[in-house]
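Step one of this worksheet: look at the structure below.
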Amino acid sequence: MASRLPFLRRISKLLKAPPSTPLRSLRHPLAMGFLLPQASTPNVSPRLFASSRSICSGPLNLPQDSQGPAPIDYRLVLSEDEFHGLANSTIHDLQEKLEEYGDVVELDGFDVDYGNEVLTLKLGGLGTYVMNKQTPNRQIWLSSPISGPSRFDWDRNVQAWVYRRTKANLLKLLESELEQLCGKPVNLS
């Protein structure tokens, strides 16, 4: 995080620059067209914008009734101690259950690793899951070979980690995707 801080400060300054600021006075490469709209950068090659668009993976395939992220009720935000207790418990329980699941599926390259507060599940050629805590946001982040990146908040009402954008439950999502990938059901609840 510390190595990204100077980068984030430069982007912040870039975004706060008044519209009349000439592009050439901004020395950072991002100011030369990557983050700025094409209309305001007449001397920038359109290929720069095309290459940045090619990074996107396509539509999100959200449910029809999805209106984007649900609003956050800040009265329900966890204290840091509560967050660490719930997140650590969830991640350690998942580690144990995934190790047991690995014995059942007999998949080449199946490996569960926990280090530096990051849980990694390797499924050989099928992909890799990475899960970690994001304390400032009080979230668990998941990178999935099927659904991509997701950020789960603790929902006190359902007592589960829920992705606000799709209302997906962390454990149910993992159960569904692992069964889809490995061909055998798993109970992570």
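Everything numeric in this text was worked out from a predicted model, so none of it was measured.
Criterion: ILVMFWY side-chain heavy atoms under 4.5 Å apart, direct or through other members. Under it, W154 and I91 are part of a common hydrophobic cluster. F83 and L170 fall within a single hydrophobic cluster, where Ile, Leu, Val, Met, Phe, Trp and Tyr side chains are chained together by heavy-atom contacts under 4.5 Å. One hydrophobic cluster, built from ILVMFWY side chains closer than 4.5 Å, holds both V186 and I146.
H84 pairs in a side chain to side chain donor-acceptor pair (under 3.5 Å) with only one of the listed residues (R138, K133, E117), which is K133. K122 pairs with exactly one of V112, V130, T128 by the side chain to side chain contact (heavy atoms under 4.5 Å, CB included) rule, that one being T128.
G127 and P145 get closest at one heavy-atom pair: CA-CB, 4.0 Å. The two atoms that bring D155 and N157 nearest to each other are OD1-N, 2.8 Å, heavy atoms only. Nearest heavy-atom pair, N137 versus D153, reported as atom, atom and distance to 0.1 Å: O-OD1, 4.1 Å. Annotation for K97 and N187: closest pair CD-O, 3.9 Å, computed over non-hydrogen atoms.
Of the possible polar contacts, none joining the Y129 side chain to the L123 backbone as a donor-acceptor pair under 3.5 Å is found. For the pair N169 (side chain) and L171 (backbone), a donor-acceptor distance under 3.5 Å is present. The main-chain N or O of S189 is found under 3.5 Å from a side-chain atom of E175 such that the two form a donor-acceptor pair.
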Legend entry - Full working for side chain to side chain contact (heavy atoms under 4.5 Å, CB included) between L126 and L107: CA-CA 10 Å; L126 300 176; L107 180 70; 3.8 Å; yes
Inset, instruction - Take M131 and L174, measure what side chain to side chain contact (heavy atoms under 4.5 Å, CB included) needs, and give me the verdict at the end. - result: CA-CA 11 Å; M131 181 183 304; L174 282 170; 3.7 Å; yes
Legend entry - Audit row: I140, N132, side chain to side chain contact (heavy atoms under 4.5 Å, CB included) steps and yes/no: CA-CA 6 Å; I140 290 180; N132 65 310; over 6 Å; no
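For CG of D103, the number of neighbouring non-hydrogen atoms (other residues, nucleotides, ligands) closer than 6.0 Å is greater than 12. Heavy atoms from other residues, nucleotides or ligands lying under 6.0 Å from NZ of K172 number 12 at most.
Atom NZ of K184 sits about 11.5 Å away from atom CD of E179, to the nearest 0.5 Å. Distance OG/S150 to CZ/R164: 12.5 Å, rounded to 0.5 Å.
Contact annotation: the side chain of F110 approaches that of L121 to within less than 4.5 Å [non-hydrogen atoms, C-beta and beyond]. The side-chain heavy atoms of L188 and L98, taken from C-beta on, include a pair separated by under 4.5 Å. No side-chain heavy atom of L142 sits under 4.5 Å from any side-chain heavy atom of P149.
Partners of H92 by side-chain contact (heavy atoms from CB on, under 4.5 Å), not counting sequence neighbours, listed by chain and number: N88, Q95, Y114.
Using a 4.0 Å cut-off between a side-chain N of Lys or Arg and a carboxylate O of Asp or Glu, R156 and E82 qualify as a salt bridge.
Using cut-offs of 30° and 60° for the angle between ring planes, the F152 and Y163 rings count as tilted.
In the model, W161 has a side-chain atom that pairs as donor or acceptor with a side-chain atom of T90 under 3.5 Å. T135 and E80 are not linked by any side-chain donor-acceptor pair at a separation below 3.5 angstrom, with hydrogens and angles left out of the test.
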